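If you're wondering where the values come from, they're calculated on a predicted model, not measured in any experiment. Throughout, protein chains are lettered first and strands after them, A, B, ... in sequence-line order, and every chain is numbered starting at 1.
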Amino acid sequence: MATPYTQVLPLPRHQHFPKPNPYSITVTNDRYFANHPLVLLIDKCHSIKQLKQIHARMLRIELFFDPFSASKLIEASALSHFCSLNYAQKVFDQIPQPNLFSWNALIRAYSSSQDPIRSLLIFVNMLCEGRDFPSKFTYPFVIKASAKMKAFRFGKGLHGMVVKGGFGLDLFVLNSLIHFYADCECLDAAYLVFENMQTRDVVSWNTMILGFAEEGYANEGLKLFHRMVDENVKPNDVTMMALLSACGNKLDLDFGRWVHAFIERNGIRESLTLDNAILDMYMKCGSIEDAERLFNKMGKKDIVSWTTMLVGYARAANFDAARSVLNTMPSQDIAAWNALISAYEQSGKPKEALAVFNELQLIKKAKPDEVTLVCTLSACAQLGAIDLGGWIHVYIKKQGIKLSCHLTTALIDMYSKCGDVEKALEVFHSVNVRDVFVWSAMIAGLAMHGRGKDAISLFLKMHENNVKPNSVTLTNVLCASSHSGLVEEGRAIFNQMETVYGIVPGVKHYACLVDILGRAGELEEAVELIKNMPVTPGPSVWGALLGACRLYGNLELAEQACNQLVELEPENHGAYVLLSNIYAKSGKWDEVSMLRKLMRECGLKKEPGCSSIEVNGIVHEFLVGDNTHPLSQKIYAKLDEIAARLKSVGYVSNKSQVLQLIEEEDMQEQALNLHSEKLAMAFGLISAAPSQPIRIMKNLRVCGDCHTVAKLLSKLYDREILLRDRYRFHHFKEGNCSCKDYW
DNA sequence: TTCCCGGAGG
């Protein structure tokens, strides 16, 4: 009877080899079993199933314990077209004495996998075992893994070993070193390796040109290309792709067209990949026409070609065209869906992004991956859609998806921006790998909820954990200081930025400090700072000063700041609105109307205030005086009831807020009572379960009157109200707000 | 055996 094994592959009938003895295999002749029929059969395998059968057979006859034969098995399981890294690792773990070939195969397989770190670990293990020494086949892959991980110190160490080990002239090793240094954004070192090479092949040139192109030195890349042509090295398709990448980064359409022509003129090997790269270049340079012309001409198209078109349309905000690409493409893989979701999310259309996600869930054409979840979570964060966000969190758990740093960051950001900072902290504490993004998101979350002290202590903990902060982290922690009025702490951190944290303060950091000083009433010091700062003060700096002037009613300084702001950003209606607020506060109505006239003449319009609230997973939006909601009648009835109850506790509306910079169409009677956040609060009181806090998201800053009303409502109705405005969160509870009226 | 196009977070 046939064994399962013979059903798949013909089993050699005669066994010419003696049975190997695992204890005597200190065989001097490494390749003793190289021609063993079972070993020969390995190369003929077509599936992992066949390979497993051979594996079993090899174990049975103990051939597996011959290092060479085992290494062939490793090679097939790790590197063949049907490879499975999991299986390769298991095979490897069974081998008592892996040979160099086995080590190399596994290091190579991991170097292009999702966890390149395993390459490095295996490499270190190999050194520790001390039987085999890295060869010229080891270094390119372990260096590649270091490049992928941007493990700069490790890679530099490898470079040292390469030189000492006598591989300093090997073309492959040196090419991989160029690539490594370029990936680590260390172009000087990459170029040094390149220049010192005695011989270079086309790959050396390509790698160096691509290094320049990707780091934003397109001109250096181009220069190197010309030098390459001068030295009679024939460019190939990969060279062209490097040049196209440079064009795409430089947004240089003319140069891109020239490269396209060069490809056709010089008979560069045409390939789908190259065509896709040209498509991508045209889309990045904004020439949809050129891209379409090429796309229509292309004989072969793959998923990448279609997705490139989709992304191009979506980036140009042509969502209809993007959508129709998605509908037309022969197979919709998840990347295409992600492209559409992300385009919506990034263009401030989170609702549309969620609609696409829901559709994907319904029709199940592709399975959401990590990117999908990250984009969708971002959309939830923008909208404040905590129900859907929480649902995705459950989905992640149910599917057993590992929380990568990307995903962790997105979850923390979503929970924070949806008002549940406790849940964000829970996620933060539940993971054990935290990169700078994860820490920064958590610090930002605490900051926006007014928990400045917690944010600062988290920042210090991050420092203790040896995670190097970046410029955004510092902005977040300074922002936390400013939101909580922690002047001394903020100033101290700012002063330590360069010396302790290695970050040169940029304009945003200066703006934060101006904000910190300004809110604390140190206007003079803030002005001194602006005068003496080494970077040109940008809109954020003047905006911070203007905000401080509003708080302290300093008209003269406010005018100066506003002038600067308008000069930098003529379109900035926010500046006019703030200044006009300040005028209104001090009763200068002439100036208010003058400003309003000016705004009208310039065609500036105040962004309409809009509040949204999620109830039972559905997001409801309200504009000022909105009566389009199906429950509109009930909402207005509730508003009347609210007004009556407010009156009964002696509340008088703050009239100065009515006159505050509202456009004419808003200048109706009860403009103030119809602010979008009030409508949303009334709707929340009607619809949300009494045990649930009312969560409202507003696109602009909350006005003083609405803030007062929300405080009173939280007490009168015994409801927690969470209000997210443009800058931060307000937690209203029992008549108080978490911002301590300081915002 | 090295270089290669599309989708992602604070």
Side-chain angles (χ1 to χ4, degrees), chain A residues 75 79 104-105 107-108 111-112 135-141 143-144 147 170-180 182-183 201-211 214 236-242 244-245 248 271-281 283-284 302-312 314-315 329 333-343 345-346 366 369-378 381 404-414 416-417 434-445 447 469-476 479:
Chain A
E75 184 194 29
L79 301 170
N104 285 348
I107 289 173
R108 177 178 160 200
S111 72
S112 45
S135 69
K136 62 174 187 173
F137 295 109
T138 319
Y139 282 114
F141 298 106
I143 292 170
K144 181 181 176 180
D170 187 273
L171 196 54
F172 285 81
V173 175
L174 291 175
N175 285 347
S176 62
L177 276 170
I178 300 175
H179 187 231
F180 162 76
D183 264 13
D201 67 354
V202 63
V203 176
S204 325
W205 290 93
N206 290 349
T207 311
M208 197 60 238
I209 293 173
L210 191 76
E214 288 194 331
N236 64 11
D237 49 336
V238 180
T239 322
M240 293 302 123
M241 282 190 254
L244 289 166
S245 163
S271 69
L272 187 52
T273 314
L274 186 54
D275 277 342
N276 286 341
I278 303 170
L279 271 187
D280 179 56
M281 176 277 296
M283 279 302 193
K284 282 203 177 115
D302 67 356
I303 196 93
V304 176
S305 335
W306 288 93
T307 312
T308 305
M309 294 303 285
L310 198 162
V311 170
R315 292 233 174 101
M329 59 199 290
D333 82 341
I334 191 63
W337 287 88
N338 291 347
L340 193 59
I341 294 174
S342 126
E345 184 261 308
Q346 308 251 317
D369 65 359
E370 191 186 304
V371 177
T372 325
L373 300 173
V374 167
C375 294
T376 310
L377 284 169
S378 288
S404 68
C405 285
H406 254 106
L407 210 44
T408 310
T409 306
L411 274 172
I412 292 175
D413 187 51
M414 182 277 292
S416 304
K417 288 190 177 151
R434 304 184 187 99
D435 67 1
V436 57
F437 287 91
V438 174
W439 287 93
S440 308
M442 196 61 248
I443 292 170
N470 62 23
S471 145
V472 177
T473 324
L474 264 305
T475 309
N476 293 347
C479 185

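Checking A/Thr372 against A/Asp369 by side-chain atom types alone, a donor-acceptor pair falls below 3.5 Å. No side-chain donor from either of A/Asp413 and A/Ser416 sits under 3.5 Å from a side-chain acceptor of the other. With 3.5 Å as the limit, one finds no donor-acceptor pair spanning the side chains of A/Asn276 and A/Thr273.
Heavy atoms of A/Val203 sit under 4.0 angstrom from at least one base atom. Counting non-hydrogen atoms under 4.0 angstrom, A/Val311 reaches the backbone sugars and phosphates but no base. A/Asn236 comes within 4.0 angstrom of no nucleic acid atom, judged by non-hydrogen atoms across all strands. Residue-level contact check: A/Thr473 touches the bases, meaning some heavy atom is under 4.0 Å from a base atom. Using a 4.0 Å heavy-atom criterion, one finds that A/Asp170 contacts no nucleic acid atom at all. A/Glu75 comes within 4.0 angstrom of no nucleic acid atom, judged by non-hydrogen atoms across all strands. Residue A/Asp333 is classed as a base contact, given a heavy-atom separation below 4.0 Å to a base. Using a 4.0 Å heavy-atom distance criterion, A/Val202 is classed as making no nucleic acid contact. Heavy atoms of A/Leu272 sit nowhere under 4.0 angstrom from any nucleic acid atom. At a threshold of 4.0 angstrom between heavy atoms, the contacts of A/Ile303 include nucleobase atoms, whether or not backbone atoms are also involved. No contact: A/Ser176 has no heavy atom under 4.0 Å from any strand. Among the protein residues, A/Arg315 comes within range of the sugar-phosphate backbone only, with heavy atoms under 4.0 Å from sugar or phosphate atoms but none that close to a base.
Taking 4.0 Å as the cutoff to heavy atoms of chain A, we find the contact window on DNA chain B bounded by B/dT1 to B/dG10.
A search for ring-ring contact (aromatic ring centres under 6.0 Å, His included) contacts involving A/Tyr139 returns A/Phe167, not counting sequence neighbours. With sequence neighbours excluded, the residues that form a side chain to side chain contact (heavy atoms under 4.5 Å, CB included) with A/Asp275 are A/Glu270, A/Ile278, A/Leu294, A/Met298.
Between A/Ser204 and A/Leu174, the closest side-chain pair of non-hydrogen atoms is not below 4.5 Å.
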Step-by-step side-chain contact (heavy atoms from CB on, under 4.5 Å) determination, A/Val238 to A/Val202: CA-CA 9 Å; A/Val238 180; A/Val202 63; over 6 Å; no

